[in-house]
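Model, not experiment: these values are computed from the prediction. Keep in mind that the numbers below use all heavy atoms, side chains included, and drop hydrogens, waters and symmetry copies. Position 1 is the first residue of the sequence, and the numbers go up from there.
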Amino acid sequence: QVQLVESGGGLVQPGGSLRLSCAASGIIFSDYSMGWYRQAPGKQRELVALITSGGNTNYEEAVKGRFTISRDNAKRTVYLQMSNLKPEDTAVYFCYANEEIGVEVEWGQGTQVTVSS
């Protein structure tokens, strides 16, 4: 019933850009913080960016100044604009939704981002 559907992943050259989208259904979107995690082969899954229902944002230090998270409540969608991509950004990126007045977390299926020449 709850669905987070990601799109926008793919193969890009170093220095290039991609925009990931995550469309949510089955939740009260305005009650949730939304974010993106990523997991590279052999590494821990890590939080990349978070945006609260009020629009406050938080970023992993490695992506500050290069990635921007945003949300469109009317479209029930969260975005991750990724610029100046580096090979170390290669990972599966997962959308997540976190209820701010609860403890539930919902996950998307993941989308592959590969940065390579």
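Taking 4.5 Å as the limit, every side-chain heavy atom of Glu100 sits out of range of all side-chain heavy atoms of Tyr32. Counting heavy atoms from C-beta on, the side chains of Cys95 and Val78 come closer than 4.5 Å. Counting only heavy atoms from C-beta outward, the side chains of Phe67 and Gln81 never approach each other to under 4.5 Å. At a threshold of 4.5 Å between non-hydrogen side-chain atoms, the residues Trp36 and Leu50 do not count as touching. With a 4.5 Å cut-off on side-chain heavy atoms, Ser53 and Phe29 do not count as touching. Side-chain contact between Tyr93 and Gln112 is absent, with no heavy-atom pair separated by less than 4.5 Å. Tyr59 has its side chain within reach of Ile69: a pair of non-hydrogen atoms, C-beta onward, lies under 4.5 Å apart. Looking at Leu80 and Arg19, their side chains never come closer than 4.5 Å, going by heavy atoms from C-beta outward.
The hydrophobic clustering, which links ILVMFWY residues whose side-chain heavy atoms are closer than 4.5 Å, places Ile27 and Ile51 together. No single ILVMFWY cluster, assembled from side-chain heavy atoms under 4.5 Å apart, contains both Met82 and Val92. At a threshold of 4.5 Å between side-chain heavy atoms, the hydrophobic network of Ile, Leu, Val, Met, Phe, Trp and Tyr places Val105 and Phe94 in one connected group. Val48 and Val12 fall within a single hydrophobic cluster, where Ile, Leu, Val, Met, Phe, Trp and Tyr side chains are chained together by heavy-atom contacts under 4.5 Å.
Across all non-hydrogen atoms, the minimal contact from Ser30 to Asn73 is CB-ND2, 4.5 Å. Closest approach of Leu4 and Cys22 over heavy atoms only: CB-SG, 3.8 Å. Across all non-hydrogen atoms, the minimal contact from Ala97 to Met34 is CB-SD, 3.5 Å. Closest approach of Thr77 to Ser21, counting heavy atoms only: CG2-CB, 4.4 Å. Residue Leu18 comes nearest to Leu85 through the heavy atom pair N-CD1, 3.9 Å, listed as atom of the first residue, atom of the second, then distance.
For Tyr37 and Trp107, the ring centers sit closer than 6.0 Å to each other.
Here salt bridge (charged side-chain N to carboxylate O under 4.0 Å, His left out) pairs that include residues 66-88, with residues two or more places apart or in two chains, are Arg66-Asp89.
When atom types are taken as modelled, the side chain of Glu106 and the backbone of Val2 share no donor-acceptor pair closer than 3.5 angstrom. Side chain of Glu46 to backbone of Arg38: no donor-acceptor contact under 3.5 angstrom is found. Distance alone, capped at 3.5 Å, is enough to place a donor-acceptor pair between the Gln39 side chain and the Lys43 backbone.
Atoms CG and OG, from Asn84 and Ser17 in turn, are 8.0 Å apart once rounded to the nearest 0.5 Å.
Heavy-atom neighbours of Gln3 CD from other residues, nucleotides or ligands within 6.0 Å: at or below the threshold of 12.
Checking each of Val115, Val113, Leu11 against Thr90 for a side-chain contact (heavy atoms from CB on, under 4.5 Å) leaves exactly one that passes, namely Val115.
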